[in-house]
Amino acid sequence: TQSTRPQRLLGAVQKNATRGDPRSVVQAIDQFCRQKEWAMNVGDEKGCILDSVVSEVNPATVLELGTYCGYSTVRIASLLPPHAKLITLEFNPDFAAIARQVIAWAGVEDKVHLVEGASGDWIPKMTEQFGVKTFDLVFLDHWKDRYLPDTMLMEECGLLRKGSILLADNVICPGTPDYLEYVRSSLRYESQYFKSHLEYTKVEDGLEKSVFLG
Ligand SMILES: O=C(NC/C=C/[C@H]1O[C@@H](n2ccc(=O)cc2)[C@H](O)[C@@H]1O)c1cc([N+](=O)[O-])cc(O)c1O
Ligand SMILES: [Mg+2]
């Protein structure tokens, strides 16, 4: 039977990365995606911007929307202070199964809670299920038409506090026009665009960093 791309990506990690070394896992995935098969990871160029935002925020609580194979999960988790928690939501059980193994290979499972299901269902349950009051950082990288409704839902559920940071992937390609319009025009956000390129290509893309003003 045919393997899937996520299965082949996991194989590349297990073949080329060192157990317990998150940077080698990130490097192995980037090499696989550049040399063998493109995959929708945030990638190494936008990944460096992600790293700098995570390091600057130094978050105790992080929400990632869209785990996929766990590439950005590993990048973020490897930069978190001790006792910090990263909750990552994944809708597709096959992707979740691969991501769990990538996260384990990197040795960051203690900082990561991978939850399977839809963001719209889980965001309202964050406090009761995980004891999270607010998120210091949210990384949006799931279905592009969910960025705006889920941001409004996080506001409604009181999951954002004055100073919470939203970092959104793909605001140019594939694009999230309604989300971009919202965070750039709302008086409740201070937004900044970090120009970059679509992972592993020369196509323009970028990350939008938005501070919730409360
Ligand atoms: O489409 C893109 N991303 C959609 C990601 C979706 C991921 O989020 C999960 N999810 C998790 C929770 C949910 O509630 C819903 C989905 C899905 O199961 C999937 O794992 C994309 C596309 C390109 N591209 O060049 O085409 C480049 C990118 O960087 C991208 O991120
Ligand atoms: Mg993306």
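Start at 1 and go down the list; that is how both ligands and their atoms are numbered. Only this structure's heavy atoms are used, side chains among them; waters, hydrogens and symmetry mates stay out. In what follows, residues are counted from 1 in the order of the sequence shown.
Counting only protein atoms, the N, O or S atoms lying less than 2.8 Å from the Mg ion (ligand 2) are Asp141 OD1, Asp169 OD2, Asn170 OD1, ordered by chain and residue number.
Taking the six-membered ring where tryptophan is involved, the planes of Tyr189 and Phe212 are tilted, since the angle between them lies from 30° to 60°.
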Does ligand 1 have any N/O atom under 3.5 Å from a protein N/O, and what are those pairs and their distances?
{"unit_1": "ligand 1", "atom_1": "3 (N)", "unit_2": "Lys144", "atom_2": "NZ", "d": "3.4"}
{"unit_1": "ligand 1", "atom_1": "14 (O)", "unit_2": "Ser119", "atom_2": "N", "d": "2.8"}
{"unit_1": "ligand 1", "atom_1": "14 (O)", "unit_2": "Ser119", "atom_2": "OG", "d": "3.1"}
{"unit_1": "ligand 1", "atom_1": "18 (O)", "unit_2": "Glu90", "atom_2": "OE2", "d": "2.4"}
{"unit_1": "ligand 1", "atom_1": "20 (O)", "unit_2": "Glu90", "atom_2": "OE1", "d": "2.8"}
{"unit_1": "ligand 1", "atom_1": "20 (O)", "unit_2": "Glu90", "atom_2": "OE2", "d": "3.1"}
{"unit_1": "ligand 1", "atom_1": "29 (O)", "unit_2": "Asp169", "atom_2": "OD2", "d": "3.2"}
{"unit_1": "ligand 1", "atom_1": "29 (O)", "unit_2": "Asn170", "atom_2": "OD1", "d": "3.1"}
{"unit_1": "ligand 1", "atom_1": "29 (O)", "unit_2": "Asn170", "atom_2": "ND2", "d": "2.7"}
{"unit_1": "ligand 1", "atom_1": "29 (O)", "unit_2": "Glu199", "atom_2": "OE1", "d": "3.4"}
{"unit_1": "ligand 1", "atom_1": "29 (O)", "unit_2": "Glu199", "atom_2": "OE2", "d": "2.5"}
{"unit_1": "ligand 1", "atom_1": "31 (O)", "unit_2": "Asp141", "atom_2": "OD1", "d": "2.9"}
{"unit_1": "ligand 1", "atom_1": "31 (O)", "unit_2": "Lys144", "atom_2": "NZ", "d": "2.9"}
{"unit_1": "ligand 1", "atom_1": "31 (O)", "unit_2": "Asn170", "atom_2": "OD1", "d": "2.9"}

Next on the checklist: Would Ile49 and Ser196 count as a side-chain contact (heavy atoms from CB on, under 4.5 Å) here? Give the steps.
Outcome noted: CA-CA 9 Å; Ile49 301 166; Ser196 184; 3.9 Å; yes
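Taking the ring centre of Phe32 as origin, the terminal cationic atom of Arg5 falls outside the region bounded by 6.0 Å and 45° from the ring axis.
For Phe91 and His142, the distance between ring centers is not under 6.0 angstrom.
Ionic pairing of Glu116 and Arg100 is present here: one or more N-O contacts between side-chain nitrogen and carboxylate oxygen are shorter than 4.0 angstrom.
Going from atom CD of Glu190 over to atom CD1 of Ile165 covers 10.5 Å, rounded to the nearest 0.5 Å.
Applying the ring pair (Phe, Tyr, Trp, His ring centres under 6.0 Å) rule to pairs touching residues 51-86 yields Tyr68-Phe95, sequence neighbours excluded. For residues 66-95, the set of pairs meeting the salt bridge (charged side-chain N to carboxylate O under 4.0 Å, His left out) definition, not counting sequence neighbours, comprises Asp51-Arg75.
The backbone N or O of His197 sits less than 3.5 Å from a side-chain atom of Glu45, completing a donor-acceptor pair.
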